Amino acid sequence: MSSEPTIQPASDPTAPRQLRSAWVVAGNRTPFARAGGPYASTSVQEMFTAALDGLVARTGIAGERLGAVAGGAVLKQPKAFNLVRESVLGSALDPQTPGIDVQQACATGMETTSLIANKIRCGQIDAGVAGGVDSASDAPIVVGEGLRKVLLQLNRAKTPKDKLKALAKLRPGDLAPVAPGVAEPRTGLSMGEHQALTTAQWGITRQAQDEIAANSHHNLAAAWDSGFFDDLVTPFRGLTKDNNLRPDTSVEKLGGLSPVFGKNLETDPTMTAGNSTPLTDGASAILLATAEWAEEHNLPKLAEIVDAETAAVDFVDGNEGLLMAPAYAAPRLLARNGLKLQDIDLVEIHEAFASTVLTILAAWEDADFCKVNLGLDEPVGVLDRSRLNVRGSSLAAGHPFAATGTRVVATLSKELKARAVAENRPVTGLISVCAAGGQGAVALLRAYPES
Amino acid sequence: MSPSPFDLTSLLGYAPATDDAYLSVVSQGPGRKIATSLGLPAPVALRRHDPDTPAVPGPVLVLGAGSGTTTTPGSDPDADALAQHLLTRGFEVHRHGDGLRRVGAVVLCLTGLTELGGLSAPALELGGLLRSLAPGGRVITISRPADGVAAGGAASLPTAADDPAAGTAAGGAPFDVVDRNAARQGVVGFLRSVAQEMRGGATANGILVADGVAATAPSVLGGLDFLLSGRSAFVDGQFLVVGSDAGPEGLATAPQGETPLDQRVVVVTGAARGIGEQIARLLHAQGARVVPVDVPAAGQPLSELANQLGTASLPLDVTAPDAGTRILEHCKTRYGRIDGIVHNAGITRDKMLANMDESRFASVLAVNTEAPLRITRQLLADPAADGLRVVGLASTSGIAGNRGQTNYAASKAGIVGMVAALAPVLAERGGTANAVAPGFIETEMTAKIPMARRQVARRLNSLQQGGLPLDVAEAIAFLLSDAAAGISGQTLRVCGQNLVGA
Amino acid sequence: MTTTPNTPAPEPTPGQGQNRCAGEGESPQRIVLDTMPALGGLYAKAAAGTTARAATLGMRRAFKGLPLPVPGKGARAGSRSGRSNPRLPDVEIVVPAVEVKAPEHRAFCEVVGARIRATSTGAGSGTEVFSGYLHALAFPAAMVLLTRKDFPLPTVGLVHLANAVTQTETVLEGDLLQVNVRAENLRPHRAGTAVDVVAELRRSPDAPPIWVGRSVYLARGTRIPGAEDSRSTDSGTTTQSAAGDGTRPEFVPPVPTARWQLGADTGRKYAAVSGDVNPIHLSGPSAKALGMKGAIAHGMYTASRALALLDTSAPLTWEVEFATPLVLPGSAAVAVQRDGRGENLRSATVTVWNAKKRKPHATISVTR
């Protein structure tokens, strides 16, 4: 039931083109698994293919040719250079569906969402998939520089003698594999160490961080128990549920963990394995489409991708926290859309660390920060915590870097739609995802009560 | 055989060969000789539906019992009419067995039987023909149901019992009704015994046509088509009960073809694997728009199935309080309606009753019976479910009982009761409710039975082998089709005439 | 002017320049080398010039921070010449035309993380040479001086205390530069004896220097009885805490902005691109043979890497003070404080320290 590729001229090619709305119509992901667990022997391509297949099955679009599938992975083997296209070829989609590899660290899923939404808005495509995948278990292991040089020379060597000569240069130490760096290239500090600096700078307490973590687990557990994820997650490799989830955790239990980041700072360390995300494997994808496409396929219009914004901060010399870019991006996005933070019904702030959420919120409440750094006369203000991460977030679900963005988009879209229908009014949501390199992506979604 | 563009086997995605090594050894060649000489069970590969081979492996012989003269055309109008319909379908139809060296099927029309003695002549005539019956051949009786025979009987038609014509027929000569009733039930015993004497993968089944329903009613003809064909391969010693004239006129001239379920929106629960998967694949092959449902935990195989069928999956726990509502919502959103549901999802939690705990007992009832009840109730609350065709999955365990399966048997018998009571409810809205009771079916689940027990269990039926998930699916597809529109409230066993609970 | 023949490790002409005072207004003896010597030979020579025991002792003391109460017998200053009033040799090592070769420069930049910067200035357009590399360029000439028999301090035990560079012009790859190196300012230090080695780079013999580097070395535990106390005042390149005799203030770690992970091969990598093959940097065993706990990072590796972090260009002045050695393999906390980037940078400080022990390794400050 592959839909024939058709070329239809616009009714009036000379007429000025109107931007169309891009809608989230469905989402799907694998359960997220702690690295080294059930997906340890799985490649990112297999995982992303599984996420695509689940999405296709959920929506019944097997054999359809979509305008594009955009995805990506932060940790990617060199052989996976065409990861997304290869995944499409292995999926139930029409093999004539193009694939685009995108990488913006932890914001990859946000950027693929924005990319596909914009293609739809501009009239280039009618429907497409955005997603992301990561596997800390399938991370590329690189040979050391010494071995690499010897191997390259060996490759160029023509005579056995030359080959021997090349091999003779090999030293035992050259054989040690080089694990992928988890540190920021420009600072050598891990993300946790960076966040520890920001945490200390804003004076975020251990208690506040553990509360965020406990809420995340409790909200996610409640969502699972209520069947919320029945149509958002497809089991994979025998795993049916996010295995980082600890429904019975509490602030007290979390309080017993030892700090892991910021131990050499002048302030008391507050960041633990409990209020930081673990290395995680998983994939996620969402289906975006025009209203017409959704209607033709009898799919619901869950939420509209209204707008998106990406900011980046100068973190290298400590002028700003590595993960603070969303604090800049969101106010710009809100202002452009004539909104205030208090107008937003549901807010999703990706919990890279509990303190990431808290430092962003603290910055928005801080008049000086808002004036000096954001150029605002009034602070962004206080966020009603009951609107924050209502279905749990990365501390509980885990954080397969590139997959987090579309996990959040799918979760929020479904929740927004449910509330819009229940309250019979448009409901607006804001997503914030921080990323390596001092980047931060935010997006505005809106659901309507009408189907 | 010419190559067919329609490769049923690959479309259905099942391997017809089972892991029944014994069957593959003894079904042909020297192995068969050894087995027969030793008096061992000698099962043969069953004749299953293939669009490229004739529906019947030889001429169809129609015998009547009308006025006691089985061989006189014109003396039995029902037999004449059936013969005419079969002729119209393109079969080679005979009214005499004389000179026939090979017979594909014998249709024994016994609708006019008024006393049991009338059975002798046609029975013996059939007996004389059995040696000419082709492998995979069929014996089908067409008769009227006896009144008031409940448990262990072939049919229990609630409407038939209330039929005033039945009780007061021939007014003033009430004992004629008794004679007739004995004759009618006699056919049941006769047919079931014939079935046990069949060889070479041939089967014997009957169609019971309720009083007041024409012997050529659409579902009689549709039922004949089903029983004659390879689609009924593992149905043996059973009766289809046609309770109404409902059904398409077109069946008078031709069978339904390969896609009787064209565009029907049919939900299959427990579709991710096993029998449910086979049901979904067959319904899809027959043209249905299948909505495969399974628990979210089975999402991966469910997705694979949905993608292969080009349909949308619905991950859902059938025991969820709003499962029916969500199924309805999904079907309405995607297709605007729902035409049928197969309550296939089921679990076993076997334990001897003395060792049974509450969770084992309750969970089996919750999944196997309470969920179908709740879901059906929720579906029927919406006008979109008008004309709904319901098929439940019962089990021979539910009919005959099974050691260690008190919970399961209760749940499956519950399905038998459910469809019986649903039938009149659905009849008002143009729908039907039936159940299929599988016997020993070669599935992942039965593959886990220890080898020796499995070999014994397989042979404990007239066909001396396990059935395939496809056989169950074929029966379900038939019951969902228009051909079975006149069949409701019934439980059809797909068990190869399992000796248990016969 | 005396010219020595072109040799890889030239020995100063005997009898010349020895025991000569660098008197006021008097020109030092110039020893002109046609090419830069290789450092391996110079180290071999330095090692041969002293006993292993003395070196071991000297090195160990050097980093234990335990000044000897009296000059040991193995200390070279007294025993070598037997003089009671040693002087610096009044010589200047000159290499007239040293080419800044692109491959060597780039290899150096790769190791210290310096950006390869294309530039177009009054000096022409091309690839700007990293200021830290120019120190490495001049260093062999300094070693020629330090390993002279008449140099009063033991080469192998020398501790690099500080370095100050003033660069007034951009240097491009392919430029030819004259290298002049001299030693001056021999002076007592609370932990021994300090000396400045001054290297100058100029575009032609008559031109003013465009790059001047002053390295302060300490011969720990070596006492020079008659050293010129009067000249041990602030040299302009050393500060009180490192080279002076004031007590060291307690180190308060700044907020880190980076961390360096230094592999065991850090010393070997830097040695390969700088030519500084001092065994204390190369491997654990070779360093232990010289009395160290393990291999330590080159001071100028630390300085160049810190300078590279700031990613700025000439003209500039940069100074580095070394405190405790950075043992390899290891990690160091780093803090960058700056007032701008690139052309807008006016002043900046990079602090490198041991986060666990709260001890500083080096502090680099840059002004432009």
Side-chain angles (χ1 to χ4, degrees), chain A residues 142 144-149 169-203 259-267 269 271 312-324 359 436-438, chain C residues 107 110-111 113-115 250-269 272-273 282-284 305-306 308-312 328-342 344-345 347-359 364 366:
Chain A
V142 180
E145 191 62 14
L147 180 56
R148 191 180 75 93
K149 282 183 174 153
K169 289 184 183 164
L170 206 56
R171 297 283 169 270
D174 292 338
L175 297 175
V178 180
V182 290
E184 278 292 325
R186 284 189 182 266
T187 63
L189 292 177
S190 72
M191 206 170 262
E193 290 169 309
H194 266 292
Q195 183 57 35
L197 299 173
T198 318
T199 307
Q201 185 196 337
W202 286 95
V260 291
F261 298 117
K263 289 196 284 191
N264 294 322
L265 298 180
E266 299 305 290
T267 50
M271 295 170 61
V313 295
D314 176 10
F315 69 97
V316 177
D317 297 335
N319 295 335
E320 184 50 275
L322 176 72
L323 303 179
M324 288 299 279
T359 49
Chain C
E110 192 186 326
V111 167
R115 192 156 72 91
E250 195 204 350
F251 174 71
V252 178
V255 173
T257 63
R259 189 184 57 209
W260 293 347
Q261 286 288 1
L262 304 179
D265 60 350
T266 304
R268 292 190 290 278
K269 280 184 175 166
V273 297
L282 299 186
S283 71
R305 191 164 167 185
L309 266 186
L310 295 172
D311 192 25
T312 190
L328 300 172
S331 78
V334 179
V336 178
Q337 289 151 301
R338 65 158 101 206
D339 65 353
R341 285 185 178 282
N344 296 323
L345 184 128
S347 77
T349 306
V350 179
T351 312
V352 183
W353 75 100
N354 182 322
K356 280 190 185 132
K357 296 184 177 167
R358 295 168 54 91
K359 281 188 175 173
I364 297 92
V366 171

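All figures in this text were calculated on a predicted structure; none of them were measured in a lab. Letters go in sequence order (proteins before strands), and every chain restarts at 1. Values below: every heavy atom of this structure, side chains too, minus hydrogens, waters and symmetry copies.
- Scanning all heavy atoms of the two residues, the minimum distance from C:L309 to A:R186 falls at CD2-O, 4.1 Å.
- Taking CG from A:D317 and CG from C:L310, the interatomic distance works out to 7.5 Å, rounded to the nearest 0.5 Å.
- Counting only heavy atoms from C-beta outward, the side chains of A:T187 and C:P256 never approach each other to under 4.5 Å.
- In terms of non-hydrogen atom pairs under 4.5 Å with chain A, the most contact-rich of C:V334, C:V252, C:V336 is C:V336.
- Proximity of A:V316 to C:R341: side-chain heavy atoms (C-beta onward) are separated by under 4.5 Å at one or more points.
- When side chains are defined from C-beta on, A:L197 counts as touching C:V255, because their heavy atoms get closer than 4.5 Å.
- Here CD of A:E266 is found 4.0 Å from CZ of C:R358. Values are rounded to the nearest 0.5 Å.
- With a 4.5 angstrom heavy-atom cutoff, A:Q201 does not touch chain C via any of its atoms.
- The distance from atom OG1 of C:T257 to atom CG of A:N319, rounded to the nearest 0.5 Å, is 9.0 Å.
- Considering only heavy-atom pairs separated by less than 4.5 Å from chain A, the leading option among C:Q337, C:K356, C:Q261 is C:K356.
- Chain A forms more heavy-atom pairs under 4.5 Å with one residue of C:P253, C:A258, C:A335, C:A355 than with any other, namely C:A258.
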